There are 2 protein chains.
Amino acid sequence: MKHILNKNTQEVLQAAQKQCQQQGLRFTTKRSNVLQLMLNENKSLSAYDIMAEYKTQYNQSISAVSVYRMLDFLIHAQFVHKLISSSQYIVCSHITCHHAHEIPQLLICDTCHQVEEISIGKLLASELEANIAASGFKLQRQQLELHGVCISCQNLH
Amino acid sequence: MKHILNKNTQEVLQAAQKQCQQQGLRFTTKRSNVLQLMLNENKSLSAYDIMAEYKTQYNQSISAVSVYRMLDFLIHAQFVHKLISSSQYIVCSHITCHHAHEIPQLLICDTCHQVEEISIGKLLASELEANIAASGFKLQRQQLELHGVCISCQNLH
DNA sequence: GTTGTAATGTTACAACATTACATTATTTTC
DNA sequence: GAAAATAATGTAATGTTGTAACATTACAAC
């Protein structure tokens, strides 16, 4: 299944703001700045990367704790994914989409840190779940993170 | 597919020793101790857990650095898996098996830290790979980590 | 404007991991 | 078997990621 992906940063920011309004969440300047910063970088970033970039781009110091809190907010609002496997953070590719979010399957390039987000097909998802249910196991986090090298980095050598 | 799983600790240790001999790897006392310790605990452990357990079980202090080095060794020898998502380590369930290792699918219980290792079916694996190959992405780490609650912990409430 | 709640700041620290260099143990070579 | 080479382990310092506890500031509701 192919989705319409994020267009420009402004559009995504406006969509985010609108969604927050509708849900009664505060889309503060700093939260918006962090999201904007992450949209500009086209790759996953650590919390400390974000802290440094914030300082650079907005000429204002921000503490690590604040970054983590803003990331928590953005994750709960479903604007950002945490990559557990690399302790990094990336904007969700589907902020401007309106369909329900499926199990995200994240292809993480270990060379350039770009992340491609594809949704796992319904069939595949149900097979995986059946495979798991056989053990009586109850899934919590539904997110597949797969590490490798993206097509651009393969071509570089 | 169901495999014969590890039997008792002694048997696994002997199998490990034999495999090291065949490959010219040194299965030192401390490496063996660490593996034994991990076999005794029926759950995943952090490097610092292992350090503490080592002290308790062998009445000898060992540094974090050494633990990490021994874990590296055990991982390369394919005796141990690293759970990226929780920064913990667990003995591979297939040390005494002789078939080629398939993509491990690890069901990690977030309550008791027990890990069930099931091998992903060939069909499912090829579907996943096809899904990924469509993006030109080249997989590196082939390990699926799935978090949830195991059947025993569900029954406890 | 006062008050209550949410957001952010500050400080301290916990947990996980690596680097650099020293020392010890084992193997190899002669 | 002694010297040299290599592998394993020890020690100290530090880097990275993340959280806890509490203070302060900003904003919304009344």
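Treat the numbers as computed from the prediction; the structure is a model and nothing was measured.
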Q: If the condition is side-chain hydrogen bond (donor to acceptor under 3.5 Å, both in side chains), which residues does A:Q88 pass it with, not counting sequence neighbours?
A: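 A:Q88 satisfies side-chain hydrogen bond (donor to acceptor under 3.5 Å, both in side chains) with A:S44 once adjacent residues are dropped.
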Q: Think B:S66 has a side-chain N or O under 4.0 angstrom from the OP1 or OP2 of D:dT9?
A: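 Looking at the OP1 and OP2 atoms of D:dT9, neither is under 4.0 Å from any side-chain N or O of B:S66.
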Q: Considering only heavy atoms from C-beta outward, does the side chain of A:K55 approach that of A:I62 to under 4.5 Å?
A: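 The answer is no, as the side chains (C-beta and beyond) never meet within the 4.5 Å cut-off.
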Q: Which nucleotide, in any strand shown, forms a Watson-Crick or G-U wobble pair with D:dC30, with both distances under 3.5 Å?
A: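 Its partner is C:dG1 (Watson-Crick or G-U wobble, both distances under 3.5 Å).
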Q: Given that A:S63 and A:F73 both sit by DNA chain C, which one's nearest nucleotide is further toward the 5' end?
A: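 Residue closer to the 5' terminus by nearest nucleotide: A:F73.
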Q: Restricting to ring-ring contact (aromatic ring centres under 6.0 Å, His included), what partner residues turn up for B:Y54, sequence neighbours left out?
A: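 Counting only residues at least two positions away or on another chain, B:Y54 forms a ring-ring contact (aromatic ring centres under 6.0 Å, His included) with B:Y58.
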Q: Which whole-number value in Å describes the distance from A:R69 CZ to D:dA20 C1'?
A: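 After rounding, the gap between these two atoms is 10 Å.
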Q: Contact boundaries of DNA chain C with chain A (under 4.0 Å, heavy atoms), 5' to 3'?
A: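 On DNA chain C, the outermost contacted nucleotides are C:dA6 to C:dT11.
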Q: Clusters formed by hydrophobic residues whose side-chain heavy atoms approach within less than 4.5 Å: which one holds B:I151, and what are its other members?
A: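 B:I151 clusters with nothing; isolated.
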Q: Output side-chain donor-acceptor pairs under 3.5 Å for residues 103-112 of chain B, partner residues at least two apart or in another chain, one line each.
A:
unit_1 : atom_1 : unit_2 : atom_2 : d
B:D110 : OD1    : B:H147 : ND1    : 2.7

Q: Using a heavy-atom distance cut-off of less than 4.0 Å, which residues of residues 41-52 of chain A contact DNA chain D?
A: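 Going residue by residue through residues 41-52 of chain A, the ones with a heavy atom under 4.0 Å of DNA chain D turn out to be A:S46, A:Y48.
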Q: If you group Ile, Leu, Val, Met, Phe, Trp and Tyr whenever their side-chain heavy atoms sit less than 4.5 Å apart, what else falls in with B:V149?
A: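 Direct or chained contacts put B:V149 with none.
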Q: Which side-chain N or O atoms in residues 66-77 of chain B pair as donor and acceptor under 3.5 Å with protein atoms at least two apart or in another chain?
A:
unit_1 : atom_1 : unit_2 : atom_2 : d
B:S66  : OG     : B:S63  : OG     : 3.1
B:H76  : ND1    : B:D72  : O      : 3.0

Q: Provide, to the nearest angstrom, the distance between the OH atom belonging to B:Y68 and the C1' atom belonging to D:dG10.
A: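 Distance check: B:Y68 OH to D:dG10 C1' gives 17 Å.
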Q: Evaluate the side-chain proximity of B:M38 to B:I90: yes if any heavy-atom separation is below 4.5 Å, no if none is.
A: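 SC-SC contact between B:I90 and B:M38 ruled out.
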Q: A:T56: which residues meet the side-chain hydrogen bond (donor to acceptor under 3.5 Å, both in side chains) condition with it, sequence neighbours left out?
A: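 Here no residue qualifies.
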Q: Can you list, by chain and residue number, the hydrophobic cluster partners of B:V65 when the side-chain cut-off is 4.5 Å?
A: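 So far as hydrophobic clustering goes, B:V65 is joined with none.
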Q: Hydrophobic cluster mates of A:I84, side-chain heavy atoms under 4.5 angstrom, ILVMFWY only, any path?
A: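 None, because no other hydrophobic side chain comes under 4.5 Å of this residue.
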Q: For residues 23-32 of chain B, which residues have at least one heavy atom under 4.0 Å from DNA chain D?
A: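 By residue number: B:R26, B:T28, B:K30, B:R31.
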